[in-house]
Amino acid sequence: MPDSRDPFTDLAKEADTVDIPPVAEIRRKGDRRRTIRRALTAVAALAIVAALGFGVFVAAPMLERNRSPQWAGTTDPTPPPSSPAVTAPTPPTMDNVATMQMVFPEDSSMIQVFGEYEGDAALAGRSLLCAPDVWNSGSDPGGEAATTVLTRVMGMTPEVPSYAMVRGYASTEAASAAYDRIVAEASDCRAQLKAAGMSELFRSEATPFDIPAGTVTRTPARAEYVVAVGSAPGSEMGTWVDVLVVQSGERIAWVHQAYEGQDHNCSPTAGSQVEVQCALPKSLIDIARQLDR
Amino acid sequence: MPIGVDEVDATQFDALYTASFRRLVGQIRAMCGDLDEARDCVQEAFIRAWDHREQLSVADSPEAWVRRTAYRLAVSRWRRARRSLRPPDRALQAEPPPEPNPDRVAIDRALAQLPAAQRRALVLFHLCDLGVNEIAAEVGAPVGTVKSQLARGRQALARLLNQDLEVRHARLS
């Protein structure tokens with residue numbers, strides 16, 4: 001039999017051109033499972049502890065109402081914890097980033113994804129209108145760094161990209177502070193538009209949205225849709241910027257679109273008799289669920 | 001790759017992943033016969049490896065831990081059942097893959113006819129360059145069993161490959 005190493009090597013060479021998934025995504029998915037696994041273990045342990053505690057309490061002599069339950073019969077007098085163990089937030093993955101179907105709900109057939117990024121790499125070298133100044137300069141808003149930043153860049157052409165981003169934070173407090181700042185800077189980006197040559201006709205409209213109960217599992221849950229427009233002197237065209245910001249607990253979704261046009265041609269809310277609902281608010285529930293899953 | 005006593009950190013994991021992903025896909029592909037399935041199983045094995053990185057840190061060979069996990073996934077009956085339900089165009093490609101050469105087709109067909117244990121032992125010996133003792137540790141079988149699997153596997157492979165070569169020669173003459 002000829003050297004049997006050769007045919008095996010030949011088979012293995014098929015793998016030489018296999019795409020390697022980004023290692024950061026592998027670690028994120030591993031962390032997610034680890035968090036869920038530990039949370040389930042903690043819940044199961046508490047259920048056992050609670051059952052033991054209840055049985056012992058009933059068997060013990062009647063106690064005054066203001067005395068804590070006694071663990072009679074055990075050598076360890078440690079009382080049961082009064083609240084569930086605090087676990088670290090589950091980090092988001094690319095599965096939580098809005099898809100092109102969500103960003104372009106009317107028709108995504110001509111849309112393609114140009115890239116998926118971790119960190120602020122997606123915005124490197126770009127100055128996005130109505131995006132937080134600290135993002136454009138390479139750091140993070142809100143006073144605390146996001147622990148995870150994932151971005152999907154998409155559109156019909158790379159020259160006019162839309163951005164769908166998810167930012168994970170270490171706590172809901174950090175995420176809430178970041179949310180407030182992101183919304184504030186999107187609502188007042190006059191300076192950025194002016195710096196881009198659009199010193200005329202600045203307008204900004206911010207519409208808060210309630211996220212219906214049961215849509216997401218984390219709290220707080222809130223959203224804001226901001227539309228800003230500016231135009232260059234003498235131009236009949238305006239540069240429109242649509243930004244949707246969604247918070248679900250310790251996570252934030254941010255979707256950004258900028259384009260030229262003469263009018264916005266849509267309304268933030270459904271039910272208008274003269275305008276259709278704008279794309280991003282129309283997809284709000286889907287984007288919120290995607291963020292939260 | 002050196003793994004310390006402490007839990008594997010991201011740098012160590014990333015280095016292991018980058019250095020061994022394709023190699024492991026090739027090895028699992030040789031064991032199970034499907035490249036896409038091998039890639040999926042290796043990816044899943046690495047996700048589990050990071051989830052259970054304490055186990056990775058005390059393993060003699062982290063790469064062997066990942067390979068064992070990926071192989072178990074590849075042969076899982078549940079996984080096979082799910083695969084049978086997938087639509088035929090699951091793996092969409094912009095261009096059709098190049099036609100495999102006849103020798104590769106022959107070895108593929110021959111390996112598919114071997115019992116799974118013999119196939120795995122042959123791949124671990126000839127492709128992963130493991131010794132008999134190492135193979136025994138990885139598959140959890142006695143050394144004597146591994147030696148028997150290797151011997152029988154080589155005999156069967158030689159018989160199957162020579163048959164295939166004879167058929168091709170007859171067609172050309």
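By convention in this document, chain letters (A, B, ...) are assigned in the order of the sequence lines, proteins followed by strands, and residues within each chain are numbered from 1.
- If you measure heavy-atom distances from B:A110 to chain A, you find no contacts under 4.5 Å at all.
- For B:S148 (side chain) and B:G144 (main-chain N/O), no donor-acceptor pair under 3.5 Å exists by modelled atom type.
- Neither the backbone nor the side chain of B:L24 has a heavy atom closer than 4.5 Å to any heavy atom of chain A.
- Heavy atoms of A:D16 lying under 4.5 Å from chain B belong exclusively to its backbone.
- Residue with the most contacts toward chain B among A:A24, A:A15, A:P21: A:P21 (heavy-atom pairs, distance under 4.5 Å).
- Applying the side chain to side chain contact (heavy atoms under 4.5 Å, CB included) test to B:A156 and every residue at least two apart in sequence or in another chain returns B:L114, B:R159.
- The part of B:R29 that comes within reach of chain A is its side chain, from C-beta onward, which places non-hydrogen atoms under 4.5 angstrom from that chain.
- Not one N or O on the side chain of B:R67 forms a donor-acceptor pair closer than 3.5 Å with the backbone of B:I28.
- Residues passing the ring-ring contact (aromatic ring centres under 6.0 Å, His included) test with B:F21 are B:Y17, sequence neighbours excluded.
- For B:T18 (side chain) and B:D14 (main-chain N/O), a donor-acceptor pair under 3.5 Å exists by modelled atom type.
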